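Here is the naming used below: chain letters follow the sequence lines, and residue numbers restart at 1 for every chain. Just so it is clear, the model here is predicted, and its values are computed rather than measured.
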Amino acid sequence: MADISIGKAPHPIAVLPFYGTGALCFAALAILLFLAADELTGHHFSPHLMAIVHTAALGWGTMVIFGAAYQLLPVICERDLYSVPLAVASYFMLTFGALLLVWSFWIFEVGTVMITGGASVVIAALLYTINTCVTAARNQRTTPQQAFIVSSALWLLITVTIGLLLAINLRYTFIPRNHLDLLKLHAHAGLAGWFLQLITGVSTKLVPMFLLGKSKREWLLYAALVLQNVGLVLFLIDGYFNPITAKMLIYGGIVALGTFAWLLYLADAYRNRLRRKVELLMRHAAISFTCLIVGFALIPVAYYFSDARWVSIYGTFLFLGWITAIILGKTFKTLPFIVWSSHYRHLNGKVKVPLPKQLYSERLTVYQFYLYVAAFVSLVAGMVVDYTPVIRMALLLWIMLATVYVVNVAKTIFHKPMITDGDKTQ
Amino acid sequence: MEIKLNDPFATEMLKAQTALMQVIDPELYVNIVDLGLVYGVDFTDASKAKVTMTLSTPGCPMGDAIIGGVENAMGAAFPDRKIEVDIVWEPQWNYHMITDGGKAQMGLE
């Protein structure tokens with residue numbers, strides 16, 4: 001056998017808890033949004049909005065992405081995952097840390113609980129970064145996708161470390177800078193460093209794979225890598241030493257160019273695809289990328305208009321639009337495979353086994369898609385006109401959406417093995 | 001997977017092809033023969049059957065499931081032979097290796 005790694009799905013324990021907990025956090029996020037409906041268009045530095053943002057960023061986004069990354073690292077790095085125990089440890093640290101942080105923000109108790117939560121998340125990020133870097137380092141060939149995965153992990157570590165310092169600073173002030181300006185640096189290190197670069201790396205591997213498409217313009221990915229990082233580094237350095245001014249929009253523009261290069265690569269793969277019909281789950285990706293583009297367009301709006309709701313709308317497009325849409329779409333393109341692998345890997349070719357797509361309900365994914373579109377559009381509309389009854393109604397749709405998603409994730413995770421031997425189904 | 005009628009092992013090859021068609025790539029929902037993943041089967045050693053094949057991508061998460069499937073299916077078809085699976089990366093698999101039947105199953109044509 002050739003001396004090259006044959007793909008082995010990691011043990012489900014390194015993946016499934018993240019999806020399950022992420023789904024529950026998504027439901028919690030929808031409920032918290034509903035409870036704070038009348039505060040959503042207010043200033044972002046409020047206890048409830050901080051709790052909501054951290055539920056979205058850590059409990060929902062990062063939680064599911066950790067699980068997906070542990071599953072996909074072997075695909076992207078062409079090597080087995082370095083350590084399952086490290087992955088499990090990162091799950092406990094992230095869950096514990098996210099719970100403490102969200103709780104302490106919600107009741108706004110600065111001090112030990114918030115700092116412990118922040119420290120726990122830093123440890124989770126460190127464990128994830130070690131696992132990612134060692135897995136990637138085992139492959140001597142470096143692909144742009146690998147570079148994105150590693151850089152995003154490092155940005156995560158930077159983001160949560162800044163977050164921990166800010167949590168300490170809230171209790172024991174020691175940073176000689178405006179806390180709200182630092183919060184912007186923390187948030188954008190997470191958005192443009194962790195989420196953007198991770199999604200760039202993973203999507204440029206998965207989207208062509210699912211569409212059976214390819215692009216020869218790999219240079220676009222290197223351009224994306226450089227531009228996204230240069231823009232972000234300039235923003236962080238300038239933003240730390242100087243007040244946040246309109247100059248920062250230039251750095252946003254550089255990151256936007258890097259994002260444009262990435263989307264051009266995906267568009268090229270889409271044009272050169274064999275699979276002409278685009279599945280419903282892939283349409284979530286299209287919505288996600290559209291929300292990201294709108295998010296970039298909203299940066300100058302949020303900067304120049306003093307009305308706080310534009311910052312909230314900007315955050316909504318990024319967390320509930322871009323990140324949520326991509327997770328909703330990709331969950332059922334990834335999760336069923338790890339479950340299938342654990343139940344049926346050894347039975348393949350021996351007896352008739354169900355396909356991964358039969359492990360979840362396709363009908364529920366249809367409901368999920370339309371509920372998501374309705375929930376997102378109505379929430380944004382409610383926030384633009386700043387009318388709480390519409391926001392509340394939209395958030396009821398979010399709760400319904402989260403319920404559908406949780407049920408489908410649970411159906412997949414708790415799938416009971418079913419095999420057909422001849423005419424008998426067991 | 002090409003089978004020549006003048007091949008001394010044509011019967012075994014046909015049997016192997018039938019067996020390998022039971023092995024599905026769970027990602028693409030198509031059997032590995034129609035996907036063009038199987039490059040050949042060697043029966044020259046009477047004690048074993050050696051399957052030379054590739055995967056759609058190195059690090060494919062379904063890799064060991066597919067290899068296990070090949071061992072299961074071939075083991076059932078040739079219980080007297082030891083089954084060996086040789087994974088190669090040259091020639092590299094691409095979408096043009098999918099048979100017309102495979103493309104039809106994937107709804108590509």
Side-chain angles (χ1 to χ4, degrees), chain A residues 1-10 15 71-81 135 138-139 141 143 146 205-206 208-214 272-277 279 333-334 336-359, chain B residues 16 18-33 35 38-39 50-77 83-90 92-98 102-103 105-109:
Chain A
M1 199 174 281
D3 183 26
I4 192 162
S5 164
I6 304 305
K8 284 196 189 79
V15 176
Q71 181 178 350
L72 297 171
L73 270 169
V75 184
I76 291 166
C77 300
E78 299 173 4
R79 288 290 179 276
D80 292 341
L81 181 68
T135 305
R138 288 173 157 192
N139 186 359
R141 196 169 65 92
T143 61
Q146 268 174 259
K205 183 81 180 178
L206 290 194
M209 210 160 101
F210 293 144
L211 293 175
L212 299 183
K214 61 179 174 185
N272 296 306
R273 71 192 190 279
L274 278 184
R275 194 169 256 164
R276 304 315 294 177
K277 194 179 165 210
E279 295 169 88
K333 299 288 289 176
T334 51
F337 288 95
I338 195 88
V339 177
W340 185 93
S341 185
S342 68
H343 289 312
Y344 301 114
R345 189 179 60 223
H346 304 298
L347 296 170
N348 194 15
K350 209 181 246 178
V351 288
K352 198 172 176 206
V353 297
L355 293 170
K357 69 172 180 180
Q358 292 168 316
L359 270 54
Chain B
T18 309
L20 291 170
M21 285 179 99
Q22 308 304 311
V23 184
I24 304 289
D25 181 326
E27 241 174 315
L28 298 171
Y29 316 137
V30 178
N31 72 72
I32 59 170
V33 175
L35 274 178
V38 180
Y39 291 163
K50 183 176 167 186
V51 180
T52 303
M53 61 176 289
T54 191
L55 297 171
S56 56
T57 175
C60 165
M62 291 293 136
D64 62 339
I66 293 173
I67 293 165
V70 169
E71 288 166 349
N72 287 337
M74 288 290 286
I83 308 302
E84 265 182 27
V85 183
D86 188 17
I87 299 294
V88 296
W89 304 104
E90 287 296 333
Q92 194 182 18
W93 182 84
N94 64 66
Y95 302 135
H96 302 294
M97 291 179 174
I98 305 172
K103 285 177 184 162
Q105 289 171 59
M106 293 167 83
L108 299 180
E109 282 179 359

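With a threshold of 4.5 angstrom between heavy atoms, A/Lys333 does not approach chain B through any atom at all.
The two residues B/Asp64 and A/Arg345 come nearest to each other via the heavy atoms OD2-CD, 3.2 Å. Nearest heavy atoms, A/His346 versus B/Asn72: O-ND2, 2.8 Å. Here the shortest heavy-atom pairing between B/Tyr29 and A/Pro356 reads CE2-CD, 4.2 Å. Residue B/Pro26 comes nearest to A/Phe337 through the heavy atom pair O-CE2, 3.4 Å, listed as atom of the first residue, atom of the second, then distance.
With chain B as partner, the option from A/Lys214, A/Gln71, A/Lys357 having the largest number of non-hydrogen pairs under 4.5 angstrom is A/Lys357. Looking only at heavy-atom pairs under 4.5 Å with chain A, the residue among B/Ile32, B/Val70, B/Ile24 that has the most is B/Ile24.
To the nearest 0.5 angstrom, B/Ile67 atom CD1 is 11.5 Å from A/Asn348 atom CG. A distance of 14.5 Å separates CD of B/Gln22 from NZ of A/Lys350, quoted to the nearest 0.5 Å.
Residue A/Gln358 places its CD atom among more than 12 non-hydrogen atoms of other residues, nucleotides or ligands, all under 6.0 Å distant.
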